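Contents: one structure, followed by commentary.
Computed from a predicted structure; not experimentally measured.
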Amino acid sequence: MDLPVDEWKSYLFQKWFLLPKSVQVTISTAKTLSDIFLHSSSLLQPEDEIFLKRLSRGYLVEKDPNAPPFYREKGNSKFQEKDYTGAAVLYSKGISHSKPNTEDISLCYANRSAALFHLGQYETCLEDITRAQMHGYPERLQPKMILRKAECLVTLGRLQEASQAISDLESDFATKRTLATSSFQILQKNLHHLKKKVQEKESLPETFPPTLAKTFEDMDLKEENEQISRASSSVSLCTDPLKGRCLIATKDILPGELLVKEDAFVSVLNPGERLRHSLGNKWDTRIANGDLYCHRCLKHTLATVPCDGCSYAKYCSQECMQQAWELYHSVECPLGALLLSLGVFCHIALRLTLLTRFEDVGKVTSKLCDEISNSISFPKSKTLIKTLNYNQEENEDNGKVVKTPIPGCDISGKYENNYNAVFNLLPHTENHSPEHKFLCAVSISALCKELEAANLQAFATGLNSSKLKAPVTPQLCADFNIWGVAMLRHMLQLQCNAQAITTIQQTESKESIIANSRQVRLATGIFPVVSLLNHSCSPNTSVSFTSTVATIRAAQRIRKGQEILHCYGPHKSWMGVAERQQKLRSQYYFDCSCPACHTEELRTAAGPRWEAFCCNSCRALMQGDDVLSCDNKSCTESVSRDHLVSQLQDLQHQVGMAQKLLRSGKLEQAIQQLLGCQRDAESFLSPEHTMMGEIEDDLAQAYAALGDWQKSATHLQKSLRVVEARHGPSSVEMGHELFKLAQVLFNGFAVSEALKTIQKAEKVLLVHYGPWSDEIQELQKMRSCLLDLPPIPGGPLGL
Ligand SMILES: [Zn+2]
Ligand SMILES: [Zn+2]
Ligand SMILES: [Zn+2]
Ligand SMILES: [Zn+2]
């Protein structure tokens, strides 16, 4: 997904290995990125481009006029099953394939408005009704939709508008009578009903608008740092001979304190697994990221608005669409399929350069190329040379103290979320394998060729005159080589500097009563300020995202002078030390010496506790490689690893079957199966084994579905212990588990226990997400609901 698709990758690797040795050596030993780029791109042959084009053709990114009726029909059947979310997504897919101002698009918008109405999303429902009308919704179908509009307005308390809609409709009936008598009667009845509702509402005293919705959502840093934009004044930017740039606490920091709040300099939505339709499945009905999140700002929405030119870019609003178009999409729009083939990194590299516009790319690269090798003849920029030499000049002029410039900072020494900072992120050119650099360079070169062609065509056909605004970069022809080198640099930087933008998604299933949540990767972005943080497998901060904004909070107390650290992915509660070290070395090119790695290495190579086996007879831990023996000196038990592994696989299979029963609502059977699994698991797995937690979690799920909240809570508490042992008591995972327990206790009216758990969950989640997150708001709602309960005479409430 990040890198080009496998077919193109293996095609180019083969090409690489067939190159004459001398050419390989030239590229392998090239000192500068521009040399690598120029040598590699000169090897791109027309047949390579044809191969890539054929590969790209498999992605459906254009509008297919036959698709809307198909999706509408699929949506209608979801609607009938009362799966309104599923229906809305399918209507959106239909919309994205429709041309503007057609019956197709207006019908899809109208149907989607109905789905949104049933989901209680009245505001968006109204927007969709307006869109349906704008695109020419058929006259004969109007009355039903206007009625829906009136109903929304009534619910939202916009009574005047509602009355207006109703009277318009009535006069319409009086004059036109285009409806069959039977449907006319139904509509009249509904209308009458609605009028009564308006009257009732009007007689009520005016209420305040529903909660002053999250006025403080955009809470900002208490005090912004003068040296680093988007960072708190509690940190400062330093350089260390070993670690390079790092952030250090300038005062004691408390858990939960906001340290960095930064909007991505660039981000690209993850397309998810998109099947190429050569697999026979032309119109995909599955839900992908692009169906639920805005292509530009990543806001969650069921009511997407598509680009007029393609079917893959969908936005949360007209405004987002317009902005994206002006900033980059006018160039990207016709390249959708190619960009999918070349992967997310290539796409980010392109978007980065589009966002910064060419002159800047030229300036920054020319200077950098100059520094590395004097043989390059790129145009020079005086301002930039000045930028990079400011410290020397200062010394010469005023004889000031020598200050080593920190890479990425501007003349005044300030580090900002800008292209200069992005450009200065390390590409680690010398660490990538030659064939990887070749893959990246040729891919970028192919992209440049395509852009050049598209640009020439745009000039030739005068695309500028069409409804879509002129492409942003007419000066784009300037020099594709400068541009290509910059993109290559970005593509190489991304391996170490790409930040996954994640979100917590509620797994929606009708059967599960307890909301299960999972983290999903939404997009990939570059955050120059976040990139200043170094890695630890056991970090002292926690990162979360709202749209494209990353928020970093202290996850624990950080003392003055300590380094602020976050985790690049290999976290100690997800991987054992050996696996982490391997991953950090191969992707990030360093050996981790964080305290977690240090202490774990000292211990025996027993592997993580959540994967440990225990003795069948005495329950002590089992240790060893091929043959494991009991840790307990007085016990002689030993067993082969293969045996234990196959026993675990068997158990996984059994648990899988239980989960199937659970999903199909066969709760009693599921419970019996799970209890069997539990007995089995206890005989050979450590009590902290992940599988133990999973079984308890499933049991809790099953009892909750039966309405047995007490048993559900008991099992959830056991699963909680497993989570705590693995992730720690103040981890975000623990927060989510406590949240679940709070829900179960809440549902069971176990007031005092629920309140206690709510408090615990709040304490943990506050640190990670801050006070205005959905999770915290939900917990507060639960609390006030419990505190409002009238006391019930005759005994304590509780489980
Ligand atoms: Zn948006
Ligand atoms: Zn488009
Ligand atoms: Zn480590
Ligand atoms: Zn034993």
Measure across [X] and [Y] and return the closest heavy-atom pair with its distance rounded to 0.1 Å.
X: Ser267; Y: Thr548; result: OG-CG2, 3.5 Å
X: Ser106; Y: Gly136; result: OG-O, 3.7 Å
X: Lys63; Y: Ser96; result: NZ-O, 2.9 Å
X: Glu262; Y: Asn417; result: OE2-ND2, 2.9 Å
X: Ala67; Y: His97; result: CB-CG, 3.7 Å
X: Val732; Y: His768; result: N-NE2, 3.3 Å

If I take atom [atom1] from residue [X] and atom [atom2] from residue [Y], how far apart are they, to the nearest 0.5 angstrom?
X: Ser547; Y: Leu522; atom1: OG; atom2: CG; value: 9.5 Å
X: Arg112; Y: Glu127; atom1: CZ; atom2: CD; value: 9.5 Å
X: Leu354; Y: Leu350; atom1: CG; atom2: CG; value: 4.5 Å
X: Asp64; Y: Ser311; atom1: CG; atom2: OG; value: 8.5 Å
X: Ser98; Y: Asp308; atom1: OG; atom2: CG; value: 11.0 Å
X: Ile146; Y: Ile129; atom1: CD1; atom2: CD1; value: 7.5 Å

Is it the case that the side chains of [Y] and [X] hold a donor-acceptor pair, with the cut-off being a distance below 3.5 Å and no angle test?
X: Ser544; Y: Thr551; answer: no
X: Asn747; Y: Gln743; answer: no
X: Thr524; Y: Arg521; answer: yes

A side-chain contact here means heavy atoms from C-beta on lying under 4.5 Å apart; do [X] and [Y] qualify?
X: Thr502; Y: Phe545; answer: yes
X: Glu103; Y: Pro138; answer: yes
X: Leu107; Y: Thr102; answer: no
X: Cys307; Y: Tyr315; answer: yes
X: Asp128; Y: Thr124; answer: no
X: Leu340; Y: Pro271; answer: yes
X: His193; Y: Lys196; answer: no
X: Glu123; Y: Leu156; answer: yes

Side-chain donor/acceptor of [X] to backbone N/O of [Y], under 3.5 Å:
X: Thr546; Y: Val549; answer: no
X: Ser330; Y: Glu326; answer: no
X: Tyr71; Y: Asp284; answer: yes

Would His736 and Glu775 satisfy side-chain contact (heavy atoms from CB on, under 4.5 Å), going step by step from the backbone distance to the final call? CA-CA 9 Å; His736 286 291; Glu775 290 82 1; 4.3 Å; yes
Step through the shown structure and confirm whether more than 12 heavy atoms of other residues, nucleotides or ligands are within 6.0 Å of CD on Glu62. no
Show every salt bridge (Lys or Arg N to Asp or Glu O under 4.0 Å) that has at least one partner inside residues 327-351, sequence neighbours left out. Glu332-Arg351
Residue pairs passing the salt bridge (Lys or Arg N to Asp or Glu O under 4.0 Å) test with at least one member in residues 144-154, sequence neighbours excluded, are Glu151-Lys197
Dump the intermediate steps for side-chain contact (heavy atoms from CB on, under 4.5 Å) on Ile105 and Cys108, then the final yes or no. CA-CA 5 Å; Ile105 199 166; Cys108 283; 5.7 Å; no
For Asn76 and Gln80: C-alpha separation, side-chain torsions, deciding distance, then whether side-chain hydrogen bond (donor to acceptor under 3.5 Å, both in side chains) applies. CA-CA 6 Å; Asn76 289 345; Gln80 251 134 40; over 6 Å; no
With a 3.5 Å cut-off and sequence neighbours excluded, list the donor-acceptor pairs that the side chains of residues 293-306 form with protein atoms.
{"unit_1": "Tyr293", "atom_1": "OH", "unit_2": "Gln505", "atom_2": "NE2", "d": "3.1"}
{"unit_1": "Thr301", "atom_1": "OG1", "unit_2": "Ala303", "atom_2": "N", "d": "2.9"}

Using a strict cut-off of less than 4.0 Å between a Lys/Arg side-chain nitrogen and an Asp/Glu carboxylate oxygen, indicate whether Asp291 and Lys93 qualify as a salt bridge. yes
May I ask you to say whether Lys195 pairs ionically with Glu170, meaning some side-chain N is under 4.0 Å from a carboxylate O? yes
Please list, chain by chain and in numerical order, all residues satisfying side chain to side chain donor-acceptor pair (under 3.5 Å) with Asn289, sequence neighbours excluded. none
Evaluate Met321 against His329 for side-chain contact (heavy atoms from CB on, under 4.5 Å), listing each step before the verdict. CA-CA 9 Å; Met321 178 171 84; His329 191 66; over 6 Å; no
Qualifying residue, where the test is side chain to side chain contact (heavy atoms under 4.5 Å, CB included) with Tyr84 and the options are Val89, Leu116, Leu119: Leu119
Begin with the C-alpha distance, continue with both residues' side-chain angles, and end with the deciding distance and a verdict on side-chain contact (heavy atoms from CB on, under 4.5 Å) for Asn270 and Ile501. CA-CA 9 Å; Asn270 248 318; Ile501 302 177; over 6 Å; no
What pairs of residues pass the ring-ring contact (aromatic ring centres under 6.0 Å, His included) test when at least one of them lies in residues 132-158, not counting sequence neighbours? Tyr109-His135
With sequence neighbours excluded, tell me which residues meet side chain to side chain contact (heavy atoms under 4.5 Å, CB included) with Phe70. Lys74, Trp283, Thr285
So, Phe117 versus Tyr122, ring centres under 6.0 angstrom or not? yes
Stepwise side-chain hydrogen bond (donor to acceptor under 3.5 Å, both in side chains) check, Asp774 with Tyr769: CA-CA 9 Å; Asp774 292 343; Tyr769 296 138; over 6 Å; no
